[in-house]
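Heads up, the thing below is written out as structure tokens.
Residue numbers start from 1 in every chain, and the chains themselves are labelled A, B, ... in the order their sequence lines are given, proteins ahead of strands.
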There are 2 protein chains.
Amino acid sequence: MGDNILPSALRIWEHCEALARCSEQEQRAASDLVLGWMRDAGMTAKLDEIGNCVGRYEGDRPGSPCLVLGSHLDTVRDAGKYDGMLGVVAAIECVHALNKQGKRLPFAIEVLGFADEEGVRFGCTLLGSRAVAGTFDPTLLEKIDHEDVSMRQALTDFGLDPAQISCAAHKRDDVLAYAELHIEQGPVLEAEGLSVGVVTAINGANRFLIEIDGMAGHAGTVPMNLRQDALAAAAECVLAIERRCASVPDLVGTVGELETLPGATNVIPGKVLFTLDIRSPRDAERLAAVADVEQAMQAICTRRKVALKINPTHEGKTAACAPWLMEQIGQAIAAQRLPVRELSSGAGHDGMALVDLTDIGMLFVRCKGGISHNPAEAITLEDVDTSARVFLRFIENFRPLNARS
Amino acid sequence: MGDNILPSALRIWEHCEALARCSEQEQRAASDLVLGWMRDAGMTAKLDEIGNCVGRYEGDRPGSPCLVLGSHLDTVRDAGKYDGMLGVVAAIECVHALNKQGKRLPFAIEVLGFADEEGVRFGCTLLGSRAVAGTFDPTLLEKIDHEDVSMRQALTDFGLDPAQISCAAHKRDDVLAYAELHIEQGPVLEAEGLSVGVVTAINGANRFLIEIDGMAGHAGTVPMNLRQDALAAAAECVLAIERRCASVPDLVGTVGELETLPGATNVIPGKVLFTLDIRSPRDAERLAAVADVEQAMQAICTRRKVALKINPTHEGKTAACAPWLMEQIGQAIAAQRLPVRELSSGAGHDGMALVDLTDIGMLFVRCKGGISHNPAEAITLEDVDTSARVFLRFIENFRPLNARS
């Protein structure tokens, strides 16, 4: 026993590689790996009723309220090795280091590997973390995947009992806070030469499907002044969105997909469909941008005599990180003699569900080129080491909110 | 016999309906209909070596040089009833009216129904008219369709001998001029309340496939100022093309198809592909526009730090209509107490091939909403009547170029 046992960056690295070798179909194999590592780290470990991996490391008094650490184990198709997995594996490694020292803290630690954050299969996200937060919507069990298998059937096939999902919910009094380590999935830390950062909020988002109806016509015969070109109108909208969203720090607006119809070299586009995604760490700024963008698009389409339909497809509010957790994460970073950079998360995370149960905090780790949801997702071993040291420091020095006041 | 027999608009209408009932696969049935109508109109009729329908109405002296009238009998998929067909059927009907009067002119008339102007099956246009002009490229015989059938095989299966295609070529001395009646396929005549117009030129065209390579990224995490959004760059290009082409009368520029990659709501487009089609009745203006647009797109992409590739896919020069034919067509319109509106053709026509053989002229007929290449293609019976009267007047009063000087 000693005070100098640190998390092993190499083991974190190797565990991420091992999980990456499990294909999308091998959720069972990935879960078994994670449960095994949890046990090796001195935790009791089990699958909960929705398939989350749950490991528990008791505090100095058994049955104490717990600090929940975690992230998700599923990922998107064609994904990288770190989105989600790194947070689960690093949390286990931190407990491993505590356990090696025989160190018990004045609170328990639970490490959760969430089962379905990305929502690829059934098109609905945060399933595992919502079950833990007690906000799982049982009507989702009837959702079907591309092969007509219902979520209810899929859970049953996996050996779970969908009727018991509510048992995965944690009690508020049993949980002190939720903290997650995750790759940034953006370029900010890299651009500033920083290994880690403190997340201030998980940004709220609005998504829309926009339809512009103009008039198709022969590309050679319709004079420019008689056209109602749906693509030219959409192009103006794209630039109006870009301009409005670039005018406020932290606000982002993206047209990710655009389709021209009928879509031929020699036909003026009669219809264009495009997606719009607007996010901000501040709900008021997001809603103001949405209103301005809607107004700008309407003005463009009215002037161009084309019809505009704005169909909302998603709205999610900002999930703010708790200032007291941000402060403690910041102190752990400062203890490594690193600058404390606060930044918001443009990507969604399990904290968006956990915030209904407890206060949330997040530690971001630099990733290469801001690239995620892509096999090119990359981090450095050095950053793994730094972030794991910071995370362990945060855990060791964690003081619950009531203990602070 | 008398002087007052006019073309029957109703018969033209019914013949267009009859051809429209022949499906794409029934080229033989359509040809048989046309050859039958030619014979009913007093012409000798045959299929030539590439499958064009050729009808000949001798002049007052057998074997005289001929005025060639015609258009194409094939069409695009999901097409209308008038594009091409109307011109063939109306020409036959004009000969029918001459024949009913027992009227022979001081020149022969040949009516040609061209076999493959649109080029849907083999991806190359003007096959029938190029064969007549003597510019058919025999290497095209090796082109294959979607079912791996070569053009050579398709012609053989149809009962033709590909080795004899050169026999379809007309001799320069045997041809006085080429005149075609065709729907406008644009909105100009309709916008001005005119039934018919005189074509000044078949516009030249450049086509390109443009590729913009930026950097894909997470729509939530990449700040606006760190983006290399390929779609935002493409949107600026679309507007630059529109602005440049709207600055000159008769010049048109169209982005008909645009694709975003990877194409997801939550991913900044890393790549955009789009088509560009620029046309003008004046080659110098077209080439100047192409150069300016290329320069503008390059400036946009350089400023936005995205890569631009401009791949030319087609270039065709303007085919000017002969002033002396424009004058005679205009006189025939004026004789109907109608205003003589001259306009260029943005769409391509068989005249682009025939111009290598002889002087060309075209009479445009108003169509509804400028819509073509679409089942909604529509004309009025009244305009059919007006245009056929004009066309017959032109034919009856036709004076060859050497006869004028």
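- For B:Leu251, the part lying under 4.5 angstrom from a heavy atom of chain A is the backbone only.
- Options B:Glu242, B:Glu236, B:Glu184 differ in how many heavy-atom pairs under 4.5 Å they form with chain A, and the most are formed by B:Glu242.
- Here the CD atom belonging to B:Glu257 is positioned 10.0 Å from the CG atom belonging to A:Leu261, to the nearest 0.5 angstrom.
- With respect to chain B, the highest number of heavy-atom pairs below 4.5 Å among A:Gly270, A:Cys237, A:Pro269 belongs to A:Pro269.
- Within the 4.5 angstrom heavy-atom criterion, no atom of A:Leu209 approaches chain B.
- Note: A:Leu239 leads A:Asp277, A:Leu239, A:Leu343, A:Asp229 in heavy-atom pairs under 4.5 Å with chain B.
- When each of B:Cys245, B:Gly186, B:Pro262, B:Ala235 is checked for heavy-atom pairs under 4.5 Å with chain A, B:Ala235 comes out on top.
- Of the residues listed (A:Thr265, A:Thr260, A:Val267), the one engaging B:Thr275 in a side-chain contact (heavy atoms from CB on, under 4.5 Å) is A:Thr265, and it is the only one.
- A:Asp83 CG to B:His218 NE2: the interatomic distance, rounded to the nearest 0.5 Å, is 7.5 Å.
- For chain A, the option among B:Val255, B:Asn203, B:Ile268 with the highest count of heavy-atom pairs below 4.5 Å is B:Val255.
- A donor-acceptor distance shorter than 3.5 angstrom exists from the side chain of B:Thr221 to the backbone of A:Gln185, with no hydrogens or angles considered.
- The minimum heavy-atom distance linking B:Ala219 with A:Val252 is given by the pair O-CG2, 3.4 Å.
- Residue B:Leu258 touches chain A through both its backbone and its side chain, counting heavy-atom pairs closer than 4.5 Å.
- With a 4.5 Å cut-off on side-chain heavy atoms, B:Pro187 and A:Pro223 count as touching.
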### Task
Show your reasoning for whether side chain to side chain contact (heavy atoms under 4.5 Å, CB included) applies to B:Asn266 and A:Arg279.
CA-CA 11 Å; B:Asn266 63 343; A:Arg279 309 193 200 192; 3.6 Å; yes
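- Between A:Arg227 and B:Gly253 the shortest heavy-atom distance is NH1-O, 3.2 Å.
- Only the backbone of B:Ala264 comes within less than 4.5 Å of a heavy atom in chain A; its side chain stays farther off.
- Shown here is B:Met215, whose CE atom has no more than 12 heavy atoms of other residues, nucleotides or ligands within 6.0 Å.
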